[in-house]
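Only one structure is covered here, and it is reproduced in the block below.
Only heavy atoms go into these numbers, but all of them, side chains included; no hydrogens, no water, no symmetry mates. The shown structure was predicted, so the numbers you read here are calculated from the model rather than taken from an experiment. Along the sequence shown, residues are numbered consecutively beginning with 1. As the structure lists them, so they are numbered: ligands from 1, and atoms in each ligand from 1.
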Amino acid sequence: MFSCTLLFGQKTTVRDIDRRVEELLAKMTLDEKIGQLTQSPGDISTGTDVSKDNLLAGIRQGRIGSVLSHTNFDNKIVMQRTAVKESRLGIPLIFGFDVIHGYKTIFPIPLAQAATWDMAAIENVERIAAAEAAADGQNWTFSPMVDVSHDPRWGRVMEGAGEDPYLGSRVGEARVRGFQGNDLSQPNTVAACTKHFAAYGFAEAGREYNTVDMSEQRLREMVLPPFEASARAGSATFMSAFQALNGVPASMDRHLLTDILRGEWGWQGMVVSDWGTFGETIVHGAATDDTDAAAKCLSAGNDMDMCSGVYERGLKNALDQGRITQKQIDDAVRRVLWLKFALGLFDDPYRYLDKKRRTETLERPEYRQASRDMAAESMVLLKNDGGVLPLTPQSPFKKIAIIGPYANSQGNKDYMSFWTLGLGVREYDSTKVVTPAQALKPALEEMGFQVTVAEVCLDATCTEKDYSVALQAAREADLVIACVGERGIDCGECRSVTSLDLPRGQETLLKVVSRGNKPTVMVLFNSRPLVFPWAAENVPAILVAWQPGFETGNALADVLTGRVNPSGKLPLTFPRHQGQVPIYYNHLNTGRPQTQMGQMWSSGYLDMPTTPAWPFGFGLSYTTFRYSDIRLNKKTMGMEETLEVSVVVTNTGSRVGEEVVQLYIRDLSADISRPVKELKGFEKIRLEPGAGREVRFLLTKKDLAYWNHEAKFKADPGKFKVFVGGNSQDVKEAEFELR
Ligand code: BGC
C-alpha cells in the first residue's frame with residue numbers, strides 16, 4: 001500500500017518493505033505507535049522551549065520515534081543503542097536536522113544559491129551537505145524550504161528560492177535530488193523534507209508566523225508548484241506550516257495535506273508538523289485541548305508531531321472518543337516505519353554513526369572549493385559604472401581601502417545565517433570563515449595593489465567621528481571597497497523587519513566615506529533585498545554578495561579580480577522603497593497600469609515610481625550579451641502541439657561570460673486577468689568573446705495553462721506574448737496564437 005517507486009527505487013524492495021512494516025506494526029501497542037509518531041528535541045532548540053528531561057528514558061520506553069536538532073555524535077550513538085537494545089521492539093530512531101546551507105562546510109544561503117540559476121551546482125552542494133550530515137549521524141534534513149515569497153521583510157526569504165514558482169520548482173527538485181540521490185539507504189544520503197506546506201511565505205506584513213489569506217487560484221499558481229515539483233522529484237517527507245491559511249492553521253488543513261498532497265498529487269511519504277504547531281492550534285483558537293488538537297491534526301494528514309507532545313497527551317483520548325480511527329493511527333505509523341526501512345535503519349541502525357566515515361567525510365577540502373565556486377557564482381553585479389570592476393593590474397588604481405563592518409568580522413555568524421546549526425548555536429568556531437580582509441587583501445596585494453583595512457562600528461548611533469578611520473583610509477586610497485549589509489545572526493527564522501534600509505547606520509558610513517571622493521565598490525552581505533537609494537545613485541559599483549558562507553573572502557576575491565565573471569541573477573525583486581512591498585515581476589496588469597510616474601488616474605504612487613530598483617532576473621556581467629530577435633517555428637500553435645522559441649545570444653564583450661537566458665510568457669486573452677510576465681524556462685550558457693549560440697525553448701499547453709473557474713489547470717485558446725531576455729525587464733518579444 002505504501003509502495004512508491006518514485007521514492008525509493010526498486011519494486012521488489014518496496015514490496016519487501018511493505019511486508020516488514022506490516023509484521024512490525026502487528027506487534028506494536030498503541031503507546032508504541034504513538035511513540036513512533038513523536039519527535040523530541042535534542043541538544044539544541046529552534047523553537048519555544050520544550051522539556052528535554054528523560055530523553056533516554058522516553059526512548060527506552062518506546063515513547064520517542066525521532067530526535068531532532070541533536071549535534072553531539074557520541075550521544076546519538078547512545079540514543080540509538082538505547083532505542084535498539086533497550087526498547088521493547090528495538091525500533092531505531094531517525095535523527096532530523098536543519099541542513100539549510102551546508103552542515104559542517106557552510107555554503108551560501110539558499111536564496112544566494114538560487115541566484116546562480118545553476119541547478120547542477122545546487123544539486124552538488126546538497127549532495128555534499130547530505131554526505132556530511134549523514135556521516136555525523138543525521139539521516140533526515142528539514143530542507144528544501146520551497147516557500148515562494150514576495151516580501152523581503154520576512155526573514156525566511158533567505159531560505160527559499162525567491163519570488164518565482166517556476167524557478168522555485170527547479171531549485172526544489174535539484175535540492176531533493178542532491179539530498180536523496182538515487183538510493184535513500186546509501187549512507188551518504190539523507191531524506192529530504194519539503195517545507196512549509198503551505199503559503200507560509202505570504203505572511204501578512206512580512207511578520208513571522210502571521211496570517212495568510214489568499215485565493216485558491218493564487219495558491220495553485222504561485223505557492224504550490226514548487227511543492228508539487230519536489231513531491232514528484234521524490235521528496236521523502238513534507239512539513240506542514242505554522243500559520244493559518246484562509247483561517248485554517250496549516251497543521252490542520254485537510255484540503256492541503258490530504259486532498260491536494262496525497263490525493264491530487266498521489267504523494268505517499270510522511271508528513272511531520274513544524275515545531276510545536278499541534279499545540280499552537282489551541283493558541284490559534286482552532287482547537288480546544290490536546291485531544292481536539294490531536295484529532296484534528298491527525299485527520300488533516302499529519303503523521304509525526306514535532307515537539308508539541310499533543311499526540312502523546314491527546315491521541316489516545318481522541319481514539320477512545322471515536323474522533324479518529326485505529327486505521328488512521330496505523331497509516332501514520334506505517335509511513336514513519338516505511339521511511340526508517342527505506343533509510344536502511346533496520347538493517348543497520350548505526351549506518352549513519354560510523355566514526356571512521358565521520359572523520360573521513362566532514363569538511364573535506366574539495367567541499368570548501370564547492371562552497372567557493374557556489375559563492376562566486378551566486379554574486380549579483382547590480383551596477384558597474386565606468387567599468388570600475390574587475391580590478392586588474394591595468395586598473396587605474398594603486399591603493400585600495402577595504403572598509404566597513406564586514407571587512408573582517410568574526411562574530412554574529414556573519415557571512416552565514418542563524419541556520420548553520422551544524423556549527424553549534426551560540427558557541428561556534430568563527431575562524432572557519434574566510435573574511436574579505438583575510439583573502440581579498442592578499443589577493444589584491446599579489447596583483448600589486450596596496451591595501452589597507454579599516455573596520456568600523458556597526459551601530460545606528462555611530463557618528464562621523466566613529467567613521468573617521470574609514471574616511472581617512474578612503475582619503476589615502478584610490479578606490480574604496482565598502483563591505484556593508486546584515487549580520488548573519490539576523491538572517492533566518494523569526495528575523496522579520498519593518499525597514500529594508502541598510503541597517504545600523506551604514507548608509508551614513510557610505511556618505512561619510514564618500515567625502516574622500518574616491519570611487520567606491522559596495523559589497524552587500526545580505527539575506528534579503530535591501531533598499532539603498534543613496535548608494536544606488538552615488539556608488540559606481542554594487543555587488544550583491546548575499547551571505548556567502550565559509551569561503552566569503554576567496555569568492556569575493558574571485559569576482560572582484562575577474563577570475564570569475566559574475567553571472568548571478570536576482571531571484572527576488574529589489575524594491576526602491578519598502579513601501580512598494582509586495583513588489584514582484586509576475587503581477588497582474590490592473591485596469592490602469594502606470595507608464596509614467598505622476599500620471600493621474602493610474603495605478604501608482606505620488607512619491608515613487610512603481611518600478612523596482614532592480615528587477616527579478618537581473619544581474620550584470622563583465623562582458624555584454626546581445627539577443628537576436630525571437631524566432632518562432634510557427635505563428636499558430638495547436639492545443640496538442642509544441643511551439644519552439646529560439647534566440648541567438650552573442651557575447652559582444654571581451655571576456656568569457658555566462659548568461660542566464662530567460663523565457664517568459666503573457667496570456668493576452670484568458671478568461672481572467674493574467675500576469676504581465678511568467679517565467680517558463682531558462683538556460684545558463686557560457687560564451688567565449690565574440691561567440692554566439694542559439695538557445696531553444698519548447699512550450700506546450702501545460703506552460704500556457706492557468707487555474708481557471710472550473711478549478712482546473714487549462715490553457716485558453718487565444719493570443720500570447722513570448723519574451724526572451726537576460727532579465728524580466730529587458731526582453732525581446734514576439735506573439736503567437738494558441739488554437
Ligand atoms: C522551523 C522549521 C524547522 C524546525 C526544526 C521550526 O521552527 O520553522 O523550518 O525545520 O523549526 O528546527
Any N/O pair Tyr200/ligand 1 closer than 3.5 Å = no

Short N or O distance, Asp98 and ligand 1, threshold 3.5 Å exclusive | yes

Is [X] near ligand 1, meaning one of its heavy atoms is under 4.0 Å from it?
| X | result |
| --- | --- |
| Arg156 | yes |
| Glu159 | no |
| Phe97 | no |

If the cut-off is 4.0 Å to any non-hydrogen atom of [X], which atoms of ligand 1 fall inside it?
| X | answer |
| --- | --- |
| Phe142 | 10 (O) |
| Leu68 | 5 (C) |
| Asp274 | 1 (C), 2 (C), 3 (C), 4 (C), 6 (C), 7 (O), 8 (O), 11 (O) |
| Lys195 | 2 (C), 3 (C), 9 (O), 10 (O) |

Any idea which protein heavy atom is nearest atom 11 (O) of ligand 1, and the distance to it?
-> Thr46 OG1, 3.2 Å

Any idea which protein heavy atom is nearest atom 7 (O) of ligand 1, and the distance to it?
-> Glu493 OE1, 2.7 Å

How far apart are the C-alpha atoms of Phe107 and Glu126, what are their side-chain angles, what is the distance that settles it, and do they pass the side chain to side chain contact (heavy atoms under 4.5 Å, CB included) test?
-> CA-CA 9 Å; Phe107 300 111; Glu126 297 302 30; 5.7 Å; no

Of Asn182, Thr189, Asp183, the residue whose pairing with Gln186 passes side chain to side chain donor-acceptor pair (under 3.5 Å) | Asp183

Please state whether the rings of Phe341 and Phe346 are parallel, tilted or perpendicular, taking 30° and 60° as the class boundaries.
-> parallel

Could you tell me how the ring of Trp267 sits relative to the ring of Phe238: parallel (under 30°), tilted (30 to 60°) or perpendicular (over 60°)?
-> tilted

So which of Arg177, Arg175, Arg170 actually passes salt bridge (charged side-chain N to carboxylate O under 4.0 Å, His left out) with Glu123?
-> Arg177

Give me the one residue out of Trp140, Tyr103, Phe142 that meets ring pair (Phe, Tyr, Trp, His ring centres under 6.0 Å) with Phe97.
-> Tyr103

Indicate, as side chain, backbone, both or neither, the part of Met239 found under 4.0 angstrom from ligand 1 when only non-hydrogen atoms are considered.
-> side chain

Residue from Asn210, Asp147, Val497 passing side-chain contact (heavy atoms from CB on, under 4.5 Å) with Trp154 | Asp147

With ring-ring contact (aromatic ring centres under 6.0 Å, His included) as the test, would you mind laying out the steps for Phe616 and Tyr584 before giving the verdict?
-> CA-CA 7 Å; Phe616 174 81; Tyr584 51 98; over 10 Å; no

